Amino acid sequence: MLQLIERLRRVDPALPDDERGKIMDAARKAMSRRDYPKATELLTKLTRQPEYKDRSRAQELLGLTRERAGQLAHAKAEYEEYLRRYADG
């Protein structure tokens, strides 16, 4: 759990908007194929980005992906991070 908290604090250099969009599309496709490890990898990359327009969606989907993968403690942490960051939705 400590590793997850440390990951949540990490911010990578900003990617161009079009690259973030491609990563989000790939993550959604992975989710639809139930390839949760790949979706988790891609969404984690997006949540490490500095704040941007669709970051909240990436955070929400990461929680959902972890939940569907049976990683309930991780899912809970992702949902809690979503609520902490985006209390107003």
Side-chain angles (χ1 to χ4, degrees):
M1 188 65 122
L2 182 58
Q3 290 174 337
L4 178 62
I5 292 167
E6 288 301 316
R7 184 202 51 81
L8 292 173
R9 293 184 184 152
R10 192 165 125 198
V11 177
D12 290 346
L15 296 170
D17 288 340
D18 64 326
E19 189 170 341
R20 286 192 298 245
K22 289 176 185 177
I23 294 169
M24 179 62 85
D25 289 344
R28 288 176 192 260
K29 288 177 184 173
M31 287 182 71
S32 69
R33 292 189 315 269
R34 296 183 178 162
D35 185 354
Y36 301 126
K38 184 64 175 178
T40 298
E41 173 190 334
L42 294 167
L43 291 165
T44 297
K45 186 172 187 173
L46 291 175
T47 60
R48 288 184 184 152
Q49 289 291 289
E51 198 61 45
Y52 66 99
K53 179 182 156 223
D54 291 326
R55 193 199 175 287
S56 63
R57 185 67 178 143
Q59 186 73 51
E60 179 185 11
L61 288 175
L62 183 55
L64 181 60
T65 298
R66 289 196 177 275
E67 182 179 351
R68 288 182 179 173
Q71 301 172 342
L72 301 183
H74 285 80
K76 181 180 177 190
E78 299 297 352
Y79 290 139
E80 288 173 349
E81 179 66 8
Y82 176 90
L83 292 173
R84 185 185 72 74
R85 284 179 176 258
Y86 311 107
D88 296 329

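As the structure is a computational prediction, the values presented were derived from the model and not from experiment. Worth knowing before you read on, the calculation uses all heavy atoms, side chains too, and leaves out hydrogens, waters and symmetry mates.
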Q: Apply side chain to side chain contact (heavy atoms under 4.5 Å, CB included) to the pair Thr47 and Glu78, showing each step before the final yes or no.
A: CA-CA 10 Å; Thr47 60; Glu78 299 297 352; 5.5 Å; no

Q: Given side chain to side chain donor-acceptor pair (under 3.5 Å), test Tyr79 with Arg66 step by step and report yes or no.
A: CA-CA 10 Å; Tyr79 290 139; Arg66 289 196 177 275; over 6 Å; no

Q | Steps toward salt bridge (Lys or Arg N to Asp or Glu O under 4.0 Å) verdict (Lys38, Glu41) | A | CA-CA 5 Å; Lys38 184 64 175 178; Glu41 173 190 334; 3.6 Å; yes

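A distance of 9.5 Å separates CG of Leu83 from CD of Gln59, quoted to the nearest 0.5 Å. Taking CZ of Arg55 as the start and CE of Met24 as the end, the distance is 10.0 Å to the nearest 0.5 Å. Once rounded to the nearest 0.5 Å, the distance linking OG1 of Thr65 with CD of Glu60 reads 10.0 Å. Between Arg57 atom CZ and Tyr86 atom OH the span is 12.5 Å, to the nearest 0.5 Å. In this structure, Gln71 CD and Thr40 OG1 are separated by 5.5 Å, a value rounded to the nearest 0.5 Å.
The shortest non-hydrogen separation linking Ala75 to Gly63 is CB-O, 3.5 Å. Closest approach of Ala39 and Ala27 over heavy atoms only: CB-O, 3.8 Å. Closest approach of Leu46 and Arg20 over heavy atoms only: CD2-O, 3.8 Å.
No donor-acceptor pair closer than 3.5 Å links the side chain of Arg85 to the backbone N or O of Ser56.
Each of Leu43, Leu15, Asp18 was scored for a side-chain contact (heavy atoms from CB on, under 4.5 Å) with Ile23, with one residue passing: Leu15.
Residue pairs satisfying the salt bridge (Lys or Arg N to Asp or Glu O under 4.0 Å) criterion with at least one member in residues 27-37, sequence neighbours excluded, are listed as follows: Arg33-Asp35.
Under the 4.5 Å side-chain heavy-atom criterion for ILVMFWY residues, no single connected hydrophobic cluster contains both Leu61 and Tyr36.
Qualifying side-chain contact (heavy atoms from CB on, under 4.5 Å) partners for Asp12, counting only residues two or more places apart in sequence or in other chains: Arg10, Arg48, Gln49.
Glu81 has a carboxylate O that lies under 4.0 Å from a charged side-chain N of Arg84, or vice versa, which qualifies the two as a salt bridge.
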